[in-house]
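To start, the structure under review is shown below, and the notes come after it.
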Amino acid sequence: MKTEFAVLTGGPEDSSLYERAGACIRSGGLVAFPTETVYGLGGNGLDRTASGRIYAAKGRPSDNPLILHIARREDLLPLVKAVPSAADRLMDAFWPGPLTLIFRKNAVVPDETTGGLDTVAVRMPSHPAATAFLLAAGVPVAAPSANLSGRPSPTSAEHVRADMDGRIEMILDGGPCDIGLESTIVDVTEEVPVILRPGYIGLAALRELLGEIRVDPAVLSRPSEEIRPKAPGMKYRHYAPQAEMLLVEGPAGAVEDYIAEQCLGEETLRCGVLCSTESAPHYRARFEKAGRRLPVFPMGSLKQDEEIARHLFAALREVDRIGLDRVYTEAFRDGPLAEAIMNRLKKAAGYRIIEITGKE
Ligand code: AMP
Ligand code: MG
């Protein structure tokens with residue numbers, strides 16, 4: 001299949017692209033589109049064949065449900081059995097935006113879209129290109145992240161092209177994503193809402209709005225026989241680079257020393273470092289002193305962890321592109337997005353975490 005790559009300019013000439021993309025969705029095709037979180041791989045969410053094609057294009061297990069994307073709040077009502085009052089408050093506060101809600105589903109939503117569950121995930125994105133595309137489609141668009149299953153989520157149209165070229169009808173290029181991490185998922189089907197996946201909208205903001213909220217145990221620890229995630233996607237190996245990834249936690253100085261020594265001590269494997277812009281010069285100086293040019297990926301400033309979130313998945317893809325064998329990553333514990341960033345890093349590292357004690 002030939003994949004059309006369409007660059008959006010933000011001007012009036014985009015409207016014919018949206019029309020084409022919308023018509024493609026209505027006729028059962030797949031279109032990747034930008035959102036404020038990551039790029040989505042869209043198909044008609046009410047068409048079981050289109051959902052089947054999404055799973056096939058991604059190589060995704062079909063028990064891992066898709067998120068329905070809508071452009072207008074009223075488009076929610078036909079999809080769900082009830083809208084609990086907590087959901088109303090969450091939508092008032094955070095829609096359109098990076099928040100996905102889980103509802104009991106109506107029969108119009110096929111089992112293929114929800115991986116066989118009797119609940120459905122719905123989100124209203126805020127990216128203007130996503131809104132224009134969804135309005136042109138005129139149907140709820142089922143869209144997981146537009147990456148091959150297991151690979152890091154795409155935060156640019158180039159990432160989508162790398163994974164999806166030849167597998168889908170069209171890619172809408174709206175530039176790099178602003179947030180760079182997938183939406184926060186909250187299940188509102190229970191008496192007390194539950195966070196199933198952390199994201200840009202954090203626990204503190206949700207708790208302030210709702211009072212009581214729980215966090216699914218699988219968000220905090222490694223999924224196991226005892227701890228089964230309620231968001232089925234959270235159980236899969238995810239976001240992971242091909243390289244072996246190790247997450248190092250502890251006082252900043254001790255972490256830098258440990259990572260630099262490990263990288264320099266390794267002679268056969270090609271190592272690299274994911275870090276903050278503050279610590280990157282320290283690694284570079286250590287490597288230069290040793291006469292080694294090992295790759296260092298500064299993702300953003302510790303004072304602005306939004307930058308780290310925005311660049312995280314691109315950094316993981318870069319690790320693969322240059323073919324590293326092993327990558328060490330610093331832990332990021334202090335900023336407002338720490339929960340969401342650490343959730344992705346732990347999963348990418350397959351929960352291989354090294355705890356260092358020692359000097360600050
Ligand atoms: P992705 O769009 O690739 O981030 O994947 C969608 C995520 O939403 C996966 O982790 C799914 O498991 C989760 N999800 C979708 N629908 C449901 C649902 N009905 N109940 C719980 N989690 C869901
Ligand atoms: Mg995904």
Side-chain angles (χ1 to χ4, degrees), residues 30 32-43 45 51 54-70 76 79-82 84 87 98-106 108-125 127 130 140-155 159-160 163-164 177 179-190 193-201 214-219 223 228-240 309 312-313 316-317 340 343-344 347-348:
L30 303 185
F33 62 101
T35 81
E36 69 277 20
T37 58
V38 302
Y39 273 74
L41 171 54
S51 292
I54 293 176
Y55 290 109
K58 277 180 70 87
R60 178 177 181 135
S62 59
D63 68 342
N64 187 356
L66 310 175
I67 295 174
L68 289 182
H69 291 68
I70 57 175
L76 171 69
L79 306 174
V80 304
K81 284 227 154 69
L99 177 71
T100 296
L101 298 176
I102 309 288
F103 299 91
R104 300 237 165 268
K105 85 171 183 71
N106 268 341
V108 282
V109 182
D111 287 343
E112 281 78 0
T113 299
T114 65
L117 296 176
D118 59 3
T119 53
V120 61
V122 187
R123 172 164 116 80
M124 183 161 112
H127 194 299
V141 170
S145 50
N147 51 287
L148 288 173
S149 192
R151 297 210 64 204
S153 296
T155 52
H159 298 164
V160 179
D163 283 13
M164 290 297 154
C177 299
I179 293 178
L181 298 179
E182 306 86 345
S183 56
T184 306
I185 303 182
V186 177
D187 182 350
V188 289
T189 64
E190 304 209 17
V194 189
I195 299 177
L196 305 189
R197 177 171 75 186
Y200 185 80
I201 297 171
R214 291 195 302 115
V215 181
D216 190 45
V219 167
R228 278 181 196 283
K230 279 201 71 186
M234 299 284 279
K235 72 174 178 268
Y236 292 106
R237 182 179 146 91
H238 225 117
Y239 317 121
L312 175 62
F313 287 135
L316 293 177
R317 281 180 177 261
N343 171 267
R344 306 316 190 268
K347 282 160 70 68

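In listed order, ligands and their atoms are each counted from 1.
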Report task. Could you list the atoms of ligand 1 found under 4.0 angstrom from a heavy atom of Ala121? Result -> 15 (C), 16 (N), 17 (C)
Report summary line: Taking only non-hydrogen atoms of Lys230 and a 4.0 Å limit, the atoms of ligand 1 in range are 21 (C), 22 (N)
Report summary line: Numbered in order shown, the ligand 1 atoms found under 4.0 Å of a heavy atom of Ser145 are 1 (P), 2 (O), 3 (O)
Requested in this report: May I ask you to check whether Asn147 brings an N, O or S atom to under 2.8 Å from the Mg ion (ligand 2)?
Outcome: no
Query raised in the report: Can you find a heavy atom in the side chain of Thr114 that is under 4.5 Å from one in the side chain of Thr119?
Result: no
Requested in this report: Might you work through the salt bridge (Lys or Arg N to Asp or Glu O under 4.0 Å) test for Lys105 and Asp111, ending with a clear yes or no?
Outcome: CA-CA 10 Å; Lys105 85 171 183 71; Asp111 287 343; 3.5 Å; yes
Report summary line: Quick note on ligand 1: atoms under 4.0 Å from a heavy atom of Leu117 include exactly 18 (C), 19 (N), 20 (N)
Query raised in the report: How about Ser51 and Thr113: does a side-chain donor come under 3.5 Å of a side-chain acceptor?
Result: yes
Query raised in the report: Which of the listed options, Thr119, Val122, Leu41, holds the heavy atom that is closest to atom 19 (N) of ligand 1?
Result: Thr119
Report task. Counting heavy atoms only, name the option from Asn64, Thr100, Ile185 that's nearest to atom 13 (C) of ligand 1. Result -> Ile185
Query raised in the report: Considering the options Leu316, Val38, Leu312, which one meets the side-chain contact (heavy atoms from CB on, under 4.5 Å) requirement together with Ser153?
Result: Val38
Query raised in the report: Side chains of Val122 and Leu101: closer than 4.5 Å at any heavy-atom pair?
Result: no
Query raised in the report: For ligand 1, is Thr114 a contact, meaning one of its heavy atoms is under 4.0 Å away?
Result: no
**Report entry** Side chain, backbone, both or neither: Arg60 near ligand 1, heavy atoms under 4.0 Å
**Finding:** side chain
Query raised in the report: Taking atom types as modelled and ignoring hydrogens, do the side chains of Arg123 and Thr35 form a donor-acceptor contact shorter than 3.5 angstrom?
Result: yes
**Report entry** Main-chain N/O of Ala309 paired to Tyr200 side chain as donor or acceptor, under 3.5 Å
**Finding:** no
Requested in this report: Give the numbers and elements of all ligand 1 atoms closer than 4.0 Å to a heavy atom of Leu196.
Outcome: 21 (C)
Report task. Let me see the working for Arg317 and Asp163 under salt bridge (Lys or Arg N to Asp or Glu O under 4.0 Å), right down to the final yes or no. Result -> CA-CA 11 Å; Arg317 281 180 177 261; Asp163 283 13; 2.9 Å; yes
Query - Side chain, backbone, both or neither: Arg197 near ligand 1, heavy atoms under 4.0 Å - result: side chain
